[in-house]
Amino acid sequence: MNRKRPLILAIESSCDETAAAVVQGPDVRSNVVATQIAVHAKFGGVVPEIASREHMQAVVGVVSKALRDATVELDDLDGIAVTHGPGLVGALLVGVQMARGLATAAGLPIWGVHHHEGHLASARIVNDVRPDLQMLPHLALLVSGGHTTLVDVKGLGRYRILGQTRDDAVGEAFDKTAKHLGLGYPGGPIVDRFAQKGRCDAIAFPRAMLDQPNLDLSFSGLKTAMAVYLKKHGQPQSSAELADVCASFQEAVAEAITVKTRRALKQSGHLRLHVVGGAAANSRIRQMLQSMTAELGVELCCAPLKYCGDNAAMIGLAASMRVAQSCEAPVQVQSYIDLESLDPKAGA
Ligand code: KG4
Ligand code: ZN
């Protein structure tokens, strides 16, 4: 195997996207995502049991398409990478069993990838791909449906969590707000769209924990403030009012994130900020971080929109980085895996 350009089939099924990709070193040769959004929408969130069943129905077609799109046969591959956690165990198992079956049939090695290491790698897919497949030192802001974390990245596998949400994740806060407003699921992109036409200072929603010196965040108070506002004023009666509510909510989230990220940059001394995860697609969060990093002279690298949400290309890229550094991990399915435990040199 050419460790600088291994040909890898990657599979991701940790939540509600069945995804497969073929990557060759830093190049994404195919990227297929089958989303279950429509199935879970009527429940206002992901139903784990349904997610597993949907993955089972989709996985063979998704993997076949990824191989076909890349014009790659199973025998051409150097290995198979699969997300082994964190995530919904029943959902993870579908991807892992598929990967195990293919690896056994073709006599290929199989590697486990931490879902968040995949997100961390995603910022490099287009913006910052280096042929050496290094994970450069940077501060990462991971904002997804399940996580809101500021990570000090010293190198591949060398992660230290500087701060995180004490309650709801950013994407979750958007999803719950959209639900309160009767806007559908997932709420992030919908609220973002309405917010573009609203006044961000129309309603003074709280920015929690900004007076505390730590780097943690909290969004449950904001969620309550939204519920209280809607109880008092009722549902927005016009699209202009709805836009104002969305814009004011989004502003509160983006400002809280920006303040803590700025503080984390100062504390860590990093001159690069990578923003990854589903909620990294948010237009106002991107805009505010853009202004803040420009002011500080920090290089900003947001994951391309296509790779913000869950996908397998990022899993393949993380695996490529590990293969390049000869520190591939065995597959061990777990609902929770500590990001700080992945240091290859510590024998993880
Ligand atoms: O990373 P992801 O696909 O799945 C997880 O690993 O959680 O993130 C999905 C989350 C959802 O909560 C969704 O509402 C949020 O990302 N999201 C957004 C936007 N697009 C997706 N949140 C805010 N603004 C957006 N534009
Ligand atoms: Zn994710």
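Both counts, for ligands and for their atoms, begin at 1 and track the order of listing.
The protein atom (non-hydrogen) at minimum distance from atom 14 (O) of ligand 1 is Asp175 OD1, 2.7 Å. Nearest protein heavy-atom neighbour of atom 9 (C) of ligand 1: Gly145 N, 3.8 Å.
Residue contacts with ligand 1: Gly188 is placed with a nitrogen or oxygen under 3.5 Å of a nitrogen or oxygen of the ligand (distance criterion only). When only interatomic distances are considered, the shortest N/O to N/O separation between Asn282 and ligand 1 falls below 3.5 Å. For ligand 1, the polar-atom distance check against Gly277 finds no nitrogen or oxygen pair separated by under 3.5 Å.
Each of the following atoms of ligand 1 lies closer than 4.0 Å to a heavy atom of Gly146: 7 (O). Atoms of ligand 1 lying under 4.0 Å from at least one heavy atom of His115, given by number and element, are 6 (O). In the vicinity of Gly278, heavy-atom distances shorter than 4.0 Å reach the ligand 1 atoms 1 (O), 2 (P), 8 (O), 16 (O), 17 (N), 18 (C), 19 (C), 20 (N), 21 (C). For ligand 1 and Asp192, the ligand atoms under 4.0 Å from any heavy atom of the residue are 25 (C), 26 (N). For ligand 1 and Gly309, the ligand atoms under 4.0 Å from any heavy atom of the residue are 3 (O).
In this structure, Pro189 has a heavy atom closer than 4.0 Å to ligand 1. Ligand 1 has no atom lying under 4.0 Å from any heavy atom of Gln250.
Ile190 is connected to Phe219 through a chain of hydrophobic side-chain contacts under 4.5 Å among Ile, Leu, Val, Met, Phe, Trp and Tyr, so both are in one cluster. In the hydrophobic clustering of ILVMFWY residues, with side-chain heavy atoms under 4.5 Å counting as a link, Val39 and Tyr185 come out apart. A single hydrophobic cluster is not seen to contain both Leu88 and Val47; linkage of ILVMFWY side chains at heavy-atom distances under 4.5 Å, directly or through other members, places them apart.
The backbone and the side chain of Asp310 each have at least one atom closer than 4.0 Å to an atom of ligand 1 (non-hydrogen atoms only).
Taking the side chain as every heavy atom from C-beta outward, His119 and His147 never approach each other to under 4.5 Å. The side-chain heavy atoms of Leu133 and Lys4, taken from C-beta on, include no pair separated by under 4.5 Å. The side-chain heavy atoms of Phe174 and Gln250, taken from C-beta on, include a pair separated by under 4.5 Å.
Between the side chains of Asp167 and Ser218, at least one donor N or O sits under 3.5 Å from an acceptor N or O.
Contacts of Asp244 classified as salt bridge (charged side-chain N to carboxylate O under 4.0 Å, His left out), with partners at least two apart in sequence or in another chain: Arg199.
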task = Run the numbers on His115 and Thr83 for side chain to side chain donor-acceptor pair (under 3.5 Å), then give the verdict.
result = CA-CA 6 Å; His115 182 74; Thr83 305; 4.5 Å; no

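Dense packing is recorded around CD of Gln212, with more than 12 heavy atoms of other residues, nucleotides or ligands lying under 6.0 Å away.
In summary, Asp27 and Arg5 engage in a salt bridge, as defined by a charged side-chain N under 4.0 Å from a carboxylate O.
Each protein N, O or S atom less than 2.8 Å from the Zn ion (ligand 2) was counted, giving 3.
Between the side chain of Asp76 and the main chain of Glu73, a donor-acceptor pair closer than 3.5 Å is present.
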